[in-house]
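Here the structure is laid out as structure tokens; the discussion comes afterwards.
Convention: sequence-line order gives letters A, B, ...; per-chain numbering from 1. No experiment lies behind these values; they were computed from the predicted model shown.
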Amino acid sequence: MDMDVAQIPMHPLPPHHPDTSEAQQAFDDLPPMKTQTPGGLDVHDILAGLTQPQAEAVQHTEGPLLVLAGPGSGKTRVITRRMAYLISCGIPAWQIMALTFTNKAAAEMRERVVHLLGPGVVGRGLTVTTFHALCARLLRKFAEIAKLPGLTATFAIYDSDDQMALVKKALEELNLSTQNFPPRSVLSQISNAKNELLGPEEFATQAFDFQGRQIAKVYTAYQRSLRAANAVDFDDLLLLTAQMLRTSPEVRESCRRRWQYLMIDEYQDTNRAQFRIASLLAGSDDGVAPVDHAAVPISRGGNSGGRKTRNICVVGDPDQSIYGWRGADIENILQFEKHFPSAKVIALGENFRSTKHIIAAADALIRNNVKRKAKDLFTSNAQGAKPEIVICRDEHHEARLVVDWIKEIRSDGLAWKDFAVFYRTNALSRVVEEALRNDGIPYAIARGTAFYQREEIKHAVAYLRVVANPADEVSLLRIVNTPARGIGDTTLERVKQLAIERDTRVMDALRAAGDALKLAPRTGQSISKFVAMLDDWTGIHAEGMLRAPAADGSLAELVERIIRESGLEEMYRAAGETEAERLDNLAELVSSAREFEENYDPASDPAGDAPLNPDEIPVHEPSLLELLRGYLERITLVSDADSVDPDQGAVTLMTLHAAKGLEFQGVAMIGLEENLLPHARVQENPSELEEERRLCFVGVTRAMKRLLITSSRYRTIRGITERTMESRFLHELPKQHVTMSDQGGFSEPGWDDDAPRRPTSRLASAPGDGPRFVPDGAQVRSGRPVINAPKDIRGTPLSVGMLVRHPQFGLGRIGNISSGADARAQIQFRDVGTKTIVLAYARLERVEG
DNA sequence: CCAGTCGCTATTTTT
DNA sequence: TAGCGACTGG
């Protein structure tokens, strides 16, 4: 309502191509073919192919700008072109900053800008990075000036596992039971407090009940441990930066002078701390009061030639705000014009991704939300196929249906990678996986366990972290007896006690333990061997080799050496076949270190230590220690190195949350049931319903051409089968834009699980295979006939006497196979004896011979 | 000190 | 159902 209407663009525009999707648009963001003038780029090239509102957003460079970018509306394109446009207007690249939430988004943007600008120096110093990486840099840079309490510039960054360890430690210290104070929930409350910019003291003043006061104590203790380890957590990065910008005018001015143009992607996902940071950078002196562009004085920056600062451009979509539970505050985007009263608002409603029926369905769905900024979704793409809603019987039926649907559509010339299956909770993936595996369809799960989350990597990294920061207690405790070296819990308890008595680090207590504690000789020896090993790495006795300038390859060497000498390698080698992959991963870690050091160049990294004053030139030979710290920071801040890469030629399975920002030709959304989507939590917290609807909206709008939505009458969750209710969202999809088919099995004849079926087809009747559901919905789960012969991971039918490989147990021969819904087989394994295996779950592989 | 077993709990997870 | 933490016996 209070949006400005798009104006006629200043530059004539070539006709746009509304049928290009985001993916295709990436191609026309290629470097301009025309010659560049020395001062900049050809403006026509930068604006080429943009729609009118897109071009307007690109050209609105002065003053606050809100771009409401619907799904598939060319958002990234607008941001990248806008950066190029600014540069073409003569703004030095180093004065421009774009902030994203994910490394992936930052990398993609950076790449596209580089393409637009072409090779050369015009883009030098451009800052495209994540909020967290920016904050880490600023905090290190200004640690001295801002006098960060308890922290030095070499602070470590703790990830969520480390945080959990600290919370547990704090609970133990305070004698609070994990029964009454589940660490997960305590941690999330602490995290929420930090996101709201509440330190332990502020939190305590707001805690009125017993529970709250206890948690305030935990928060205090937690924070104390963090600082004792010279560490910050993810939330601290934001909180401390916000505080620093507020309390230190010097830091604030320095940053403002540098970044005259600020862009923020996915603004709907910002939390209060991020909002505060943005406001402070954009000109508010307290980060709270509205920033009125008109009222803001001329920049004090010497080289800005009197140009006004406070050029903040935020891009986002309130309808895709799905991280409220993590502290994201949708109000930040809804209230942008209150916070920045002179703001210009441009809506990008045109969708270039999906066909008309899909867009119409999504639009109707999201219109049920009240907390939003109304914007019309439309597309000039083809009408396309209607999204298909299918009610099925149970999760197995559902999975079967999804697989058949994918197979059928693929035959129209699509690849496996063009498909994705979305679900609300990870637990739902299993049955779909099973069905895909059964049919030999390649699939990949965008899983939470990324490379750096794996056990063996976390161990190795913990060693590195202790070397880089001996104060890192969490990491020290992780490695002190891994691999087992005879320093057990009882010993450790005494060492920790000693550390408390003497008020020293655990590391120092360990050094002193031999003298101070009456230890068994063997234990004492174990400890001194461990300490000597660490000293050897840090080179304490060899003139501090870590401090010397790093030689080529020395970081990788160090990593390799630590993996070997710590005994980790030996530990996994001894574990045999089953742990072989871990050894590969450790080798991979060494190469990632090598890669990091080869590419390490603080001066050229846009997120790196580019000069805050333009004439300050960083010339500096990094020491091995600095290199190591840089590497550690990178791997904790870039945890998704191997996460979602949809181009692997496989169907992608992921949660709805993980789907944001992606697109697929064909999408299947499963589990559209009350208490699943919307999630059961909505019962207790009705205010969360709209976020659930947005989640659904995000899912629907990922689909380019085909969309299948399923809901299952019965679903087994956590071993309990329950009658379900169709999701209310199903009924919010307009009848004229979707097809609905009920295959839920009421009064249906039985079906033959082997017969491939289209979702819309009727069920074939199988004689002697009576109805398994009675009309009143009473549950009859028994006797579900299994017609499928048990198969291995490649789909080879399994039978008695076959030689197979099990991922855990290794080689074995099949004894007898039972029949029934969950057929089991007795398998005689070569190494581990005879076991009974449920065939549907085991990932057996047939071995010839 | 370690490995196996019991019982409890249970979304989503950009950094 | 499964993953994790606490407990127990070798």
> Which nucleotide sits closest to the side chain of A:Asn481: C:dA2, B:dA10, B:dC2?
Replying inline: B:dC2
>> Could you check whether A:Arg465 pairs with A:Asp162 (Lys NZ or Arg NE/NH1/NH2 to Asp/Glu carboxylate O, under 4.0 Å)?
In response: yes
>> Using a 4.0 Å heavy-atom cut-off, does A:Gln274 contact any base of the nucleic acid, only the sugar-phosphate backbone, or nothing at all?
In response: nothing
> Roughly, in whole Å, what's the span from CD1 in A:Ile717 to C1' in C:dA2?
Replying inline: 14 Å
> Hey, is A:His657 doing a stacking thing with B:dT13, by the 5.5 Å centroid and 30° angle criteria?
Replying inline: no
>> Could you tell me how far apart A:Phe131 (CZ) and B:dT13 (P) are, to the nearest whole angstrom?
In response: 21 Å
> What's the shortest heavy-atom distance between A:Cys313 and A:Val67, and which atoms?
Replying inline: SG-CG2, 4.5 Å
> Under 4.0 angstrom, heavy atoms only, what part of the nucleic acid is A:Ala484 near: base, sugar-phosphate, or nothing?
Replying inline: sugar-phosphate
>> Any donor-acceptor pair under 3.5 Å linking the side-chain atoms of A:Glu398 with those of A:Ser712?
In response: no
>> On the nucleotide B:dT14, are OP1 or OP2 found under 4.0 Å from the side-chain N or O atoms that A:Thr130 carries?
In response: no
>> Let's see if you can work this out: which of C:dG5, B:dT14, B:dT12 has an atom nearest to the side-chain heavy atoms of A:Lys168?
In response: C:dG5
>> Check this for me: does any side-chain nitrogen of one of A:Asp317 and A:Lys75 sit under 4.0 Å from a carboxylate oxygen of the other?
In response: no
>> So if I take every side-chain heavy atom of A:Asn426 and compare against B:dT13, B:dT14, B:dT9, which nucleotide ends up nearest?
In response: B:dT13
> Rounding to a whole Å, what distance do you find between A:Arg715:CZ and B:dT11:C1'?
Replying inline: 14 Å
>> Just to be sure I understand the rule, does A:Asp489 reach a base, reach only the sugar-phosphate, or reach nothing, if contact means heavy atoms closer than 4.0 Å?
In response: sugar-phosphate
>> Using a 5.5 Å cut-off between ring centres and planes within 30 degrees, is A:Tyr323 stacked on the base of B:dT13?
In response: no
>> Just the rounded figure in Å: distance from P of B:dC8 to CG of A:Asn180.
In response: 15 Å
> Which nucleotide, B:dT9, B:dT13, B:dT15, lies nearest any side-chain atom of A:Gln179?
Replying inline: B:dT9
> Would you call the rings of A:Tyr323 and A:His657 parallel, tilted or perpendicular, where under 30° means parallel and over 60° means perpendicular?
Replying inline: tilted
> For DNA chain B, whose closest nucleotide is more 5', that of A:Arg424 or that of A:Thr523?
Replying inline: A:Thr523
> Nearest of C:dG5, C:dA2, B:dC1 to any side-chain atom of A:Thr491?
Replying inline: B:dC1
> Counting only distance, no hydrogens or angles, is the base of B:dT11 paired donor-acceptor with the side chain of A:Arg326 under 3.5 Å?
Replying inline: no
>> Rounded to whole Å, how long is the line connecting atom CD1 of A:Ile264 with atom P of B:dT15?
In response: 17 Å
> In terms of the nearest nucleotide of DNA chain B, which residue is placed more toward the 5' end: A:Ser160 or A:Glu692?
Replying inline: A:Glu692
> Parallel under 30°, tilted from 30 to 60°, perpendicular over 60°: which one fits the rings of A:Tyr631 and A:Phe596?
Replying inline: tilted
Under 3.5 Å, which N/O atoms of the protein pair with N/O atoms of nucleotides 7-10 of chain C?
none

> Is it the case that more than 12 heavy atoms not belonging to A:Asp489 sit under 6.0 Å from its CG atom?
Replying inline: no
> From C:dT1, B:dC1, B:dT15, pick the nucleotide closest to the side chain of A:Arg718?
Replying inline: C:dT1
> Choosing from B:dC2, B:dT12, C:dG5, which nucleotide comes nearest the side chain of A:Arg184?
Replying inline: B:dT12
> In whole angstroms, how far is the P atom of C:dG5 from the CG atom of A:Asp161?
Replying inline: 10 Å
> In whole angstroms, how far is the C1' atom of B:dA10 from the CG atom of A:Leu676?
Replying inline: 13 Å
>> Checking A:Asp235 now: which residues fulfil salt bridge (charged side-chain N to carboxylate O under 4.0 Å, His left out) with it, not counting sequence neighbours?
In response: none
>> What's the gap between C:dC4 and B:dT13 when it is taken at their P atoms, as a whole Å value?
In response: 16 Å
> Taking the chi torsion of B:dT11, is it syn (within 90° of 0) or anti (everything else)?
Replying inline: syn
>> So A:Leu99, base contact, sugar-phosphate only, or nothing? Heavy-atom distance under 4.0 Å.
In response: nothing
Below 3.5 Å, can you tabulate the donor-acceptor pairs from side chains in residues 676-686 of chain A to any protein atom, sequence neighbours excluded?
unit_1: A:His679; atom_1: ND1; unit_2: A:Arg681; atom_2: N; d: 3.1
unit_1: A:Gln683; atom_1: NE2; unit_2: A:Asn675; atom_2: OD1; d: 3.0
unit_1: A:Asn685; atom_1: ND2; unit_2: A:Glu688; atom_2: OE2; d: 3.1

> Checking all strands, does A:Thr490 fall into the base, sugar-phosphate, or nothing category for heavy-atom contacts under 4.0 angstrom?
Replying inline: sugar-phosphate
>> Measure CG/A:Asn675 against P/B:dA10 and give the value in whole Å, please.
In response: 16 Å
